[in-house]
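A short write-up of the structure that comes next.
Whatever order the structure lists them in is the order used to number ligands and atoms, beginning at 1.
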Amino acid sequence: MKTGIRTAISLLSIAAAAYSCTTDKVSRLDKAEKDLIDAAGIMRVLTVDDKEDSLVLRSECTDFPQKFLRSGRFRRLADRMIATVTDSTQDGVGIAGPQVGLKRRIIAVQRFDKEGEPFEIYPNIRMEYLSEETQTGPEGCLSVPDIYGDVERSRTVVISYTDPDTMERARDTVSGFTAVIFQHETDHLDGILFTDRMQTH
Ligand SMILES: [Zn+2]
């Protein structure tokens with residue numbers, strides 16, 4: 001009985017520790033990460049064709065500390081990620097941290113469900129809900145050159161992220177093609193590529 005209680009308590013502290021990961025117990029940016037963000041121009045997009053790149057693309061990403069999200073360097077990263085994905089050499093609809101060499105939970109997504117279809121940035125993003133109802137459509141990826149294929153995804157998702165203006169957790173419900181982009185990009189943060197989910201014919 002005592003052992004049972006002790007197990008329950010240790011499970012609770014594991015749950016608390018996991019929760020605090022999304023708030024403050026995250027590592028500060030190291031010099032390499034800062035240098036990557038501070039560099040000029042379009043960011044290099046990593047691809048599976050390169051062995052070193054592949055290791056980054058298969059990594060689990062971690063959150064940013066709140067202090068970073070309040071900094072000018074975060075704004076710089078947001079601007080550069082969006083400049084990279086919208087650059088004519090890429091012309092993508094979304095991009096994730098590891099694709100530009102950062103093993104951090106951040107994505108940029110084109111919001112086709114909003115007026116003007118703006119690109120928006122989502123730091124410390126989590127997928128909170130995936131609908132059972134699905135949709136299937138063709139996908140490609142800036143990091144997987146020349147491969148396209150059908151992927152089955154949830155029709156509707158609920159995301160949560162840290163709003164850099166308020167530092168509060170924000171939520172959003174997204175459906176349709178934009179929900180596909182959110183699923184594809186958050187997969188990157190867990191080291192998952194769309195080819196892992198591609199339907200074989
Ligand atoms: Zn991708």
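Using a 4.0 Å cut-off between charged nitrogen and carboxylate oxygen, D53 and R58 do not count as a salt-bridge pair. Ion pairing between a basic and an acidic side chain is recognised when a charged N comes within 4.0 Å of a carboxylate O; R73 and D38 show such pairing. In this structure, D87 does not pair ionically with R80, as no charged nitrogen and carboxylate oxygen lie closer than 4.0 Å. Salt bridge absent: R70 and D165 never bring a charged side-chain N and a carboxylate O closer than 4.0 Å.
Under 2.8 Å from the Zn ion (ligand 1), one finds the following protein N/O/S atoms: C141 SG, H184 NE2, H188 NE2.
No more than 12 heavy atoms of other residues, nucleotides or ligands lie within 6.0 Å of NZ in K67, so this atom counts as exposed by the packing criterion.
Classified by interplanar angle (parallel below 30°, tilted 30° to 60°, perpendicular above 60°), the ring pair H184/F194 is parallel.
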